[in-house]
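Here is the structure we will look at.
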Amino acid sequence: MYWGRSFASQMSGKQKVSTGISPSGYIHFGNVREVMTGDIIHKSIQMENMDSHFIYLCDDIDPLRKVYPFLPESYAEHVGKPLRDIPAPEGPLKYSEYFIQPFIKTMERLNIRPEVIRTGELYRDGKLGDIIDESIRKRGAIRNILEKFSGRELEDDWFPYNPRCAQCGRISSAKVTGYREGKVSYECSCGHKGESDIYKDEGKLPWRVEWPAKWKVLGVTVEPFGKDHGTQGGSYDTGKAISEQVFGYRAPEPMMFERILLKGKGAMHSSTGINIPAEEMLRFAPPEIIRYVIARVPPARYIDFDPGPGFLNLVDEYERLYRMLREGNLDQDKKTLLDLCNAGRSQDEIPDYRHLTTLVQIYSDDSRIGSIINNGEVKFRDDILKERISMAREWIRLYAPEESKFRISRTDDPVEMTPGQKTVICALHSELSSSVSWTPESIHESARKAIEKSGMEPAAGFASIYFAIIGKERGPRLGFFLSGLDRDSVMKRLIFLCGE
RNA sequence: GGGUCUGUAGCUUAGCCAGGUAGAGCGAUGGACUCUUAAUCCAUAGGCCGGGGGUUCGAACCCCUCCAGACCCGCCA
């Protein structure tokens, strides 16, 4: 059974799937797996005929941990302040919004539409107040769990609430000095003494307590998370114990997922620079392919993503499955997979990606490509065409391997050819001259005849033609390829080489 | 040092939870289509299921152990 369905089929009743992120920097493709895993589970639960609600938590009250490499030195003064309080690297938005808003748009284009909840607002609206109070009152029990499960000793003055200093704005640089009726008094390292109201966004729970607190307050029943949380003594372990033993709430069903590696480079990290930003993915990869990359692999396995040559194969593989789906030839598992990838895909025809990667290298003019590709029986919608052409261009520019790239030779570009090769070119010229139509089929037929007449091996004959047109031994399927070129200029090129 | 997850054909993988002859796609090779690339169809090859041990009539599957990769066992998320 498809992994999502098999996971979902073990559940019963109404479900709430939750996942989220701390918007501390540029969000990359690796982070997409998290929300995508949640989305697959959410949709799988619905396929099993259960109600499911999907939420995405943006932890915008988390403090800035350090001056990341992409930030100017001046951010040193903001370290320790909530991400929602500090300015973005550019523009009018706050730091957290600057990073999360484009990602929400990316999710929408991937047809992932969770309810987005800002954790800062949960605090601000007092939704977490009661459970903060409970955590403070039961801090002994929480402390025991943390020490027992993680094997570490907490400091004597450990307190399950980090006030935000009213003067310097930092979280976690203040020492708690007392608690009374929802007010936490503190003394900050900046010298300020004050009080935080736990029913406002004047502080936050430490992560290991905040996680189970959110489970209970929001009623979470399923949560996917990276394997770093899932280790023994890790935050899921302690969260589960705190949730069940302290808060009396059954911990959500966990789903651990591995990370995405970039082929030949290693794990994606925002800090190491080894990553593809989420928005950039959508500039070259169609949404259904992005979904396919993640959905096809069980979460526990890492994904070795190759944006280069392997990417085209992946697109081909996907389109093959898509055709089979339309013909009703897929088994149940593959059908489920495709349904999950296609969610939101237009019913309109979509042009072949590989085909476009060739056309965009011949023409710089998009409308020309449009008229060529709309020449056949199948017509494509303008906006789809435009988007896919742009994607193919981007792929060629950023990720195409050399063997997929070519440049059309000019009429008089010099080429050294053997007499045999020249014979093929001359024969091709005469075949094409006597042919009426300039279609892939007739061109291919002409090429076949020309090669036959020249007495050359087919493979070598085709190589000669590619050599003449693009200076390489291999190229796109010849008939289709030449048919996309201007007939006159092809003929001129052939005459030039033949007459030389 | 301790723990978790992963390891099945060249590549991507199904099967593992409930043990019973290892399946598929891509790629490769060969062939067909009055014939040749990134097209279609057919066929073939390719696996001591990471290694070893155990339980069992029988293990890819359960148990132990070793190897490899990733992550965790400080803080933070």
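Computed from a predicted model, the values in this text were never measured in an experiment. Lettering of chains follows the sequences in order, A, B, ..., and the numbering in each one begins at 1.
You'll find that the side chain of A:Trp207 is closest to B:A77, out of B:A14, B:A77, B:C17. With B:C26, B:A39, B:C71 as the choices, the nucleotide that has an atom nearest any side-chain atom of A:Arg477 turns out to be B:A39. Checking B:A70, B:U4, B:U37 against every side-chain atom of A:Phe462, the shortest atom distance belongs to B:U37. Side-chain proximity of A:Lys227 to the nucleotides B:C71, B:A77, B:A38 is greatest for B:C71. For A:Ser235, taking side-chain heavy atoms from C-beta onward, the closest of the listed nucleotides B:C5, B:A77, B:U37 is B:A77. Closest to the A:Asp59 side chain, of the nucleotides B:C26, B:A77, B:C5, is B:A77. Candidate nucleotides B:U6, B:C35, B:A38 were compared by shortest atom distance to the side chain of A:Ala300, and B:U6 ranks first.
At the phosphate of B:A77, OP1 or OP2 sits under 4.0 Å from a side-chain N or O atom of A:Lys204. Between A:Arg448 and B:C35, a side-chain N or O to OP1/OP2 separation shorter than 4.0 Å is present. Contact annotation: A:Arg301 reaches the phosphate of B:G7 (side-chain N/O to OP1 or OP2, under 4.0 Å).
Distance A:Tyr292 OH to B:U13 P: 10 Å, rounded to the nearest Å. Between the P atom of B:C26 and the CZ atom of A:Phe311 lies a distance of 19 Å, rounded to the nearest Å. Put simply, CG on A:Asn31 is 12 Å from C1' on B:A77, counting in whole angstrom units. Here the P atom of nucleotide B:U12 and the CD atom of A:Glu258 are 14 Å apart, to the nearest Å.
A salt bridge does not link A:Glu187 to A:Lys175: none of the charged side-chain nitrogens sits closer than 4.0 Å to a carboxylate oxygen. Between A:Asp60 and A:Lys94 no salt bridge is recorded (no basic side-chain N to carboxylate O distance below 4.0 Å).
Here A:Ile21 lies out of heavy-atom contact (under 4.0 Å) with every strand. At the heavy-atom level, A:Arg296 lies under 4.0 Å from the strands shown only through sugar-phosphate atoms. At a threshold of 4.0 angstrom between heavy atoms, the contacts of A:Gly226 with the nucleic acid are absent. Contacts of A:His229 with the nucleic acid, taken as non-hydrogen atoms under 4.0 Å apart, include base atoms. No engagement by A:Asn313 is indicated, since no non-hydrogen atom pair under 4.0 Å with the nucleic acid exists.
On the C1' atoms, B:G53 is 26 Å away from B:A9, given to the nearest whole Å. For the P atom pair drawn from B:U21 and B:C16, the interatomic distance equals 13 Å after rounding to whole Å. Rounded to whole Å, the separation between the C1' atoms of B:G2 and B:U8 comes to 29 Å. Rounded to the nearest Å, the gap between the P atom of B:A38 and that of B:A28 is 7 Å. For the P atoms, the distance linking B:C63 with B:U44 amounts to 38 Å, nearest Å. One P atom belongs to B:A77, the other to B:G10, and the distance between them is 46 Å to the nearest Å. A distance of about 13 Å separates the P atoms of B:G50 and B:U6, rounded to the whole Å. Distance noted for atom P between B:A32 and B:A22: 34 Å (whole Å).
In RNA chain B, runs of at least 3 consecutive Watson-Crick or G-U pairs, each pair with both distances below 3.5 Å, span B:1-7 with B:67-73, B:10-13 with B:23-26, B:28-32 with B:40-44, B:50-54 with B:62-66.
Residues A:Ser24 and A:Phe99 fail the side-chain proximity criterion, which asks for heavy atoms closer than 4.5 Å.
Note that CG of A:Leu478 is 7.5 Å distant from CD1 of A:Ile443, once rounded to the nearest 0.5 Å. To the nearest 0.5 Å, the span separating NZ on A:Lys214 from CD1 on A:Ile131 amounts to 11.5 Å. Interatomic distance, OG1 of A:Thr336 versus CH2 of A:Trp3, reported as 12.0 Å (0.5 Å rounding). With rounding to the nearest 0.5 Å, the separation of CD1 in A:Ile61 from CZ in A:Arg118 is 13.5 Å.
In terms of the salt bridge (charged side-chain N to carboxylate O under 4.0 Å, His left out) criterion, A:Arg170 has no residue partners (sequence neighbours excluded).
Between A:Trp211 and A:Tyr236, the ring-plane angle classifies as perpendicular under the 30° and 60° cut-offs.
Remark on RNA chain B: of its neighbouring residues A:Ile303 and A:Ile451, the 5'-side contact belongs to A:Ile303, judged by nearest-heavy-atom nucleotide.
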